[in-house]
Number of protein chains: 2
Amino acid sequence: MNPRRPVTLDDVARRAGVSRSAASRVINNAPHVSKAKRDAVLRAVQDLGYVPNASARALATNQVGAVVLALSAEDPQVFAGPFFAEVIVGVTSVLEETDLELMVMLATSARGQTRLEQLLRTRQADGVMLMSMHGDDPIARLAEQSDVPVVFGGRPVNFEPRYYVDADNRGGARLATEHLVAIGRRRIATITGRMDEGAGTARYKGYQEALAVEGLDAGRVVHGDFTEDGGGRAMAELLARHPDLDAVFVASDQMAIGALRVLKDAGKSVPGDVAVVGFNDIATARHTAPPLTTISQPIQSLGHEMARMLLTLTSGETPSPLILPTRLVQRASTTSTVTACSA
Amino acid sequence: MNPRRPVTLDDVARRAGVSRSAASRVINNAPHVSKAKRDAVLRAVQDLGYVPNASARALATNQVGAVVLALSAEDPQVFAGPFFAEVIVGVTSVLEETDLELMVMLATSARGQTRLEQLLRTRQADGVMLMSMHGDDPIARLAEQSDVPVVFGGRPVNFEPRYYVDADNRGGARLATEHLVAIGRRRIATITGRMDEGAGTARYKGYQEALAVEGLDAGRVVHGDFTEDGGGRAMAELLARHPDLDAVFVASDQMAIGALRVLKDAGKSVPGDVAVVGFNDIATARHTAPPLTTISQPIQSLGHEMARMLLTLTSGETPSPLILPTRLVQRASTTSTVTACSA
DNA sequence: CTGAAAGCGCTAACAC
DNA sequence: GTGTTAGCGCTTTCAG
């Protein structure tokens with residue numbers, strides 16, 4: 001009732017008429033406690049509404065009781081999309097089963113970066129999930145050498161983390177491109193994402209692979225930046241450089257939306273003149289004109305699996321990296337009725 | 001270099017040749033330390049790469065060093081949208097300036113609820129930001145009585161929290177409705193949101209107010225549930241019950257999308273036969289057919305202001321509640337060219 | 001099976 | 001200004 005002084009373990013022990021250590025054992029359900037005492041303690045906990053003090057426990061055990069989900073990126077707006085939120089939902093769904101809290105760090109400013117670095121050095125969390133690093137983020141290397149367990153969400157370019165879960169970007173891109181081939185297109189272009197992000201390069205590779213297999217030309221390429229405007233500009237350039245193209249695989253839906261607009265302004269019909277496939281299956285994709293065929297990735301699962309992997313890691317086991325399958329979602333921006341699934 | 005034993009304050013003190021308390025004072029830049037010692041300590045901190053142990057500090061000061069952003073809702077999918085992520089970006093932008101960590105709790109399961117309750121009772125965080133409660137969430141009352149500072153994001157129905165920041169839902173709805181009047185519509189219907197959510201009731205009130213002022217009939221009402229399908233069903237019902245309607249204010253863009261589809265299937269032209277205004281300005285709104293006029297709310301600011309309010313609260317001051325203005329974003333689903341701003 | 005005692009790393013009185 | 005001291009609430013040897 002009195003919120004002034006919190007209920008401590010001593011209170012519980014006193015109330016239950018046992019020693020503090022006995023009470024402690026019960027609470028951490030350790031062995032060597034008689035049933036009688038155990039029940040007494042449990043009752044006292046109930047009566048008093050005892051909740052252990054996390055800081056004290058952390059100090060004593062050298063375990064913080066929390067893991068962090070860290071996103072390292074230059075622009076905070078990267079987090080504003082639905083992607084990040086879904087990851088959190090996935091992560092939470094598994095953390096909920098444990099006693100771990102979730103801390104979120106958006107390491108965007110210099111200050112945020114520093115804090116993340118310190119975290120990695122000084123074990124102020126029991127584990128870290130690290131996401132969406134651009135290029136050669138120094139944090140990535142730091143994380144690999146860190147004393148605290150780290151799992152990566154996605155893979156940075158030029159760097160294969162030990163533990164990661166990633167969407168099958170390459171397979172998804174292959175799926176998209178193969179689909180374009182399957183519906184009879186032969187002059188297939190691509191608008192890539194940023195080439196300093198893992199997803200950007202992987203999707204580009206998938207495109208190349210698919211066309212190589214078919215013996216088709218993979219030279220109709222313009223590099224984009226994952227933004228809507230960038231997609232528009234890239235599409236314009238593509239049209240200028242390769243006026244004969246009959247399809248384009250765009251490495252993100254945002255860019256595809258920009259591309260669709262430019263295509264329309266150029267008087268090209270979709271999918272009549274040019275078929276378009278995007279990537280991500282964002283909510284808007286079903287409402288564009290025409291609705292966008294795209295590759296859907298299981299974002300929530302990504303969060304889920306990252307958290308699970310982190311748990312196995314903290315429990316001392318050694319997980320293997322995970323690649324999550326993507327799938328083709330067919331809409332009106334392409335025509336055929338094939339369906340398929342990567343991985 | 002040796003990650004085995006972390007660097008402690010004692011190490012720093014020894015290295016700097018001062019007492020532990022002196023070192024402590026320097027680190028918390030408290031007074032009563034000579035410049036010479038201060039510099040020595042600072043150097044030692046640098047050399048050793050000392051970072052204070054958060055748990056120990058928390059235990060000693062009875063301050064956790066972290067605040068939590070808690071979302072209480074039945075369905076975890078509620079968090080999956082971009083809304084939540086933007087709030088986090090806003091929150092982080094102010095927390096970044098402090099030494100506080102951000103914990104995120106999705107109190108969706110019974111377990112999550114319990115943890116949130118315990119948090120409120122046992123002060124395991126220095127403050128709580130509580131969002132999006134449905135109806136009479138018991139957590140809301142609990143939070144008001146809690147010992148730990150709580151600020152609400154949005155207001156639950158039937159309950160005015162002491163400290164909150166909310167978007168001007170009512171004003172936004174009024175804005176939307178007035179816009180419809182301004183473009184010459186007279187038989188204006190509405191599809192409301194869930195009436196057990198604050199945003200749902202507030203937007204409905206705004207609609208009623210606007211029409212009352214104009215002396216127009218506010219009886220063309222169907223209650224929706226904030227989902228796309230629900231919006232479609234509601235629109236169908238509206239059309240059946242009030243075939244004469246010439247405009248509809250829909251309490252969310254998701255529902256508006258469903259409504260647009262039904263309108264199209266019914267052969268109604270938008271905005272020719274029926275003008276439509278949504279609410280929220282989600283990313284998809286600019287890509288619907290026709291693009292959706294809607295009310296935009298400053299979600300990131302909402303997070304920002306919640307965090308700021310929490311800080312003033314923890315610093316012992318008494319903030320006043322905040323209502324953030326919304327604004328009309330005009331697109332092709334209405335015709336006029338008026339612009340305006342609530343609040 | 002049980003309890004006493006020694007810390008975990010830090011802060012905050014309190015004397016000097 | 002400065003250092004000594006006593007805890008914060010919990011876990012964990014270590015005897016019994």
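A note on names: the letters A, B, ... follow the listed sequences, proteins ahead of strands, and every chain is numbered from 1.
- Side-chain N/O atoms of B:K37 include one lying less than 4.0 angstrom from OP1 or OP2 on D:dG3.
- Proximity of A:S24 to the phosphate of D:dT11: a side-chain N or O atom is located under 4.0 Å from OP1 or OP2.
- What separates CG of B:N28 from P of C:dA13 is a distance of 13 Å, to the nearest Å.
- When rounded to the nearest whole Å, the span between CG of A:N53 and P of C:dC10 equals 17 Å.
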How far apart are the C-alpha atoms of A:R308 and A:E305, what are their side-chain angles, what is the distance that settles it, and do they pass the salt bridge (Lys or Arg N to Asp or Glu O under 4.0 Å) test? CA-CA 5 Å; A:R308 274 174 33 81; A:E305 296 302 337; 3.2 Å; yes

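- Donor-acceptor pairing under 3.5 Å, judged by distance alone, is present between the side chain of B:R25 and the base of D:dG3.
- With hydrogens and angles ignored, a donor-acceptor pair closer than 3.5 Å exists between the side chain of A:S21 and the base of C:dG3.
- B:R43 has no carboxylate O lying under 4.0 Å from a charged side-chain N of B:D39, or vice versa, which leaves the two without a salt bridge.
- At least one donor-acceptor pair closer than 3.5 Å links the side chain of A:D137 to the backbone N or O of A:I139.
- Between the CZ atom of B:R57 and the P atom of D:dG9 there is a distance of 18 Å, rounded to whole Å.
- With hydrogens and angles disregarded, no donor-acceptor distance shorter than 3.5 Å links the side chain of A:Q124 to the backbone of A:Q118.
- If you measure from atom OH of B:Y50 to atom C1' of C:dT11, you get 11 Å, rounded to the nearest angstrom.
- If you check every strand for non-hydrogen atoms under 4.0 Å, B:P31 touches nothing.
- Rounded to an integer number of Å, the gap from B:I27 CD1 to C:dA12 C1' is 15 Å.
- Remark: C1' of D:dC8 and CG of A:L9 are 14 Å apart, rounded to the nearest angstrom.
- Rounded to whole Å, the distance from CG on B:N29 to P on C:dT11 is 12 Å.
- B:N62 comes within contact range of no nucleotide atom at all, as no heavy-atom separation falls under 4.0 Å.
- The side chain of B:S34 contributes an N or O atom lying less than 4.0 Å from OP1 or OP2 of D:dT2.
- Whole-Å rounding puts the B:D11 CG to C:dG9 P distance at 9 Å.
- Looking at B:D126, its side chain does come within 3.5 Å of a backbone N or O of B:G65 through a donor-acceptor pair.
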